[in-house]
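One-based numbering, in listed order, for ligands and for the atoms of each. Note that the numbering runs from 1 along the sequence shown for the chain.
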Amino acid sequence: MFIHNCEGDAVTIENKLIYMDNSATTPVRKEVVEEMLPYMTENFGNPSSIYEIGKISGRAVEKARKQVADAIGAEENEVFFTSGGTESDNWALKGIAFANRDRGKHIITSSIEHHAVLHASAWLEGQGFEITYLPVDKYGMISIEELKNAIRDDTILISVMLANNEIGTIQPVEEIGKIAREKRIYFHTDAVQAIGHVPIDVKKMKLDLLSLSGHKFEGPKGCGALYIRKGTKIETLLHGGAQERKHRAGTENVPGIVGLGKAIELAAGELEETNKHLLQLRSRLVEGLLKVPKTHLNGHPTRRLANNVNVTFEYIEGESLLLLLNATGIFASTGSACNSSSLEPSHVLTACGVPHEIVHGSLRLSLGRLNTEKDVDRVLEALPEIVQRLRNMSPLTPQEYRTL
Ligand SMILES: *Cc1c(COP(=O)(O)O)cnc(C)c1O
């Protein structure tokens, strides 16, 4: 799919593989790899060491911290590196819960969060905390009224994601932030999908905690960060050495952190340009897909990530669709990647009220910076035929949607 041409630029090989699963993960950008390489070879020192090669690593980590801070409007000492989005979400929820349990045991989140938040919440319930899962409307939006009504005297944390990984819906984070700050409740957002697509300013959004993950914006896997606003009372998740100012033990993933820093700088710097490109592709793709009869767009029509397309085809089994697409060299996803090995219907689509009979016919195509109009056209050439083939085979398809 992507190779490096003789100038070293990533190019898509036409008529070969088309990757449209960028919400699952992204390829690491060439500039990012180049930045990382020296920290796996000559600059291998441990940032905690006091001799020169250790200090070189330490300075590289601090440079990356500034890159992350600048990209989200934070101070450098408010950024903590982690092993990715999952750890950041777990740290935010468990860390706030246990540090503030003398104030209360109630947490508010939404029913469409990533499993890193939902399963951490379920675990906290087992530890005696009470969780309210806010419902969403058919577009995947929470209601501010319902949020206000859910707040109790013992509410200590609100965790609502910035943009959803399955349907791309963008939540009214600034409004939530205002309410949380007024009520003196901590506010965490999972911004893993939003980085590089939604401009982020932690001060304007009145955030206390924000999770991000390198591999969702063309950085390396296994490296993320948690923004923790100065003065926030939070427990440590990993105990051990004094790394990350004693807040997160473990020798730093120096190459990963360096890559994350470079990737977020590029993603935030090119946000407008990238979104413009993705919006063009998205409109073309959605328009083409909706020409297929009995097809529905999931998520919000406008308040959504520029790279996200999620549709449901009636009378179709999503897994079969994926396999046939795979056979034509097109890589996509049914719900979220985490669901693709289970037969459970997507909790996000179910929460949006997509009927049980059709929820299994859902497909997520998530675009990336490297996708082209040609990629979109090839998908639009291949997909309707595959859908028709599957409909012809399904006993559920009414006669008028079959062809011979
Ligand atoms: C991918 C993702 C995560 C998990 O991040 P990892 O770095 O893969 O652990 C969390 N939240 C959302 C919204 C995601 O898309």
Side-chain angles (χ1 to χ4, degrees), residues 19-28 32 68 72 79-94 109-123 133 136 140-142 159-171 173 188-198 200 207 209-227 237-238 248 250 253 255-257 259-261 263-264 267 298-300 304-310 332-341 346-349 351-352 364-368:
Y19 183 73
M20 283 202 190
D21 202 12
N22 288 276
S23 296
T25 195
T26 55
V28 184
V32 171
V68 173
I72 60 171
V79 173
F80 298 85
F81 292 111
T82 66
S83 64
T86 300
E87 184 187 328
S88 296
D89 285 346
N90 271 270
W91 186 9
L93 270 85
K94 296 172 185 172
T109 186
S110 87
S111 50
I112 62 161
E113 297 296 309
H114 189 272
H115 282 137
V117 167
L118 289 181
H119 291 170
S121 298
W123 183 82
Y133 299 90
V136 293
M141 295 285 283
I142 66 145
S159 178
V160 174
M161 69 201 316
L162 213 165
N164 184 266
N165 47 303
E166 292 190 39
I167 53 175
T169 300
I170 298 169
Q171 302 295 341
V173 164
H188 165 249
T189 197
D190 175 338
V192 171
Q193 290 291 336
I195 301 287
H197 299 290
V198 182
I200 292 172
L207 286 161
L209 305 117
L210 173 146
S211 304
L212 58 91
S213 174
H215 74 105
K216 303 289 175 77
F217 49 86
E218 296 179 282
K221 292 171 182 57
C223 189
L226 181 64
Y227 154 78
L237 196 63
L238 296 186
R248 198 276 188 184
N253 172 2
I257 289 169
L260 174 83
I264 201 166
N298 297 312
H300 199 282
R304 73 189 295 144
L305 293 172
N307 73 336
N308 176 285
V309 175
N310 188 314
S333 161
T334 47
S336 67
C338 328
N339 288 345
S340 48
S341 53
S346 146
H347 68 283
V348 175
L349 296 176
C352 294
R364 179 185 74 184
L365 294 158
S366 44
L367 298 157

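- For ligand 1, residues of the protein lying within 4.0 angstrom by heavy-atom distance are G84, G85, T86, D89, H114, M161, N165, D190, V192, Q193, S213, H215, K216.
- In summary, the side chains of E218 and T26 do not present any donor paired with an acceptor at a separation below 3.5 Å, with no hydrogens or angles considered.
- The two residues G140 and I112 have their closest heavy-atom pair at O-CD1, 3.4 Å.
- A donor-acceptor contact closer than 3.5 angstrom is absent between the side chains of T169 and N164.
- Each salt bridge (charged side-chain N to carboxylate O under 4.0 Å, His left out) pair with one or both residues in residues 110-120, not counting sequence neighbours, would appear here, but there are none.
- A side chain to side chain donor-acceptor pair (under 3.5 Å) with R364 holds for exactly one of T334, N298, D21; it is D21.
- Note: L212 CG to Q193 CD = 12.0 Å, rounded to the nearest 0.5 Å.
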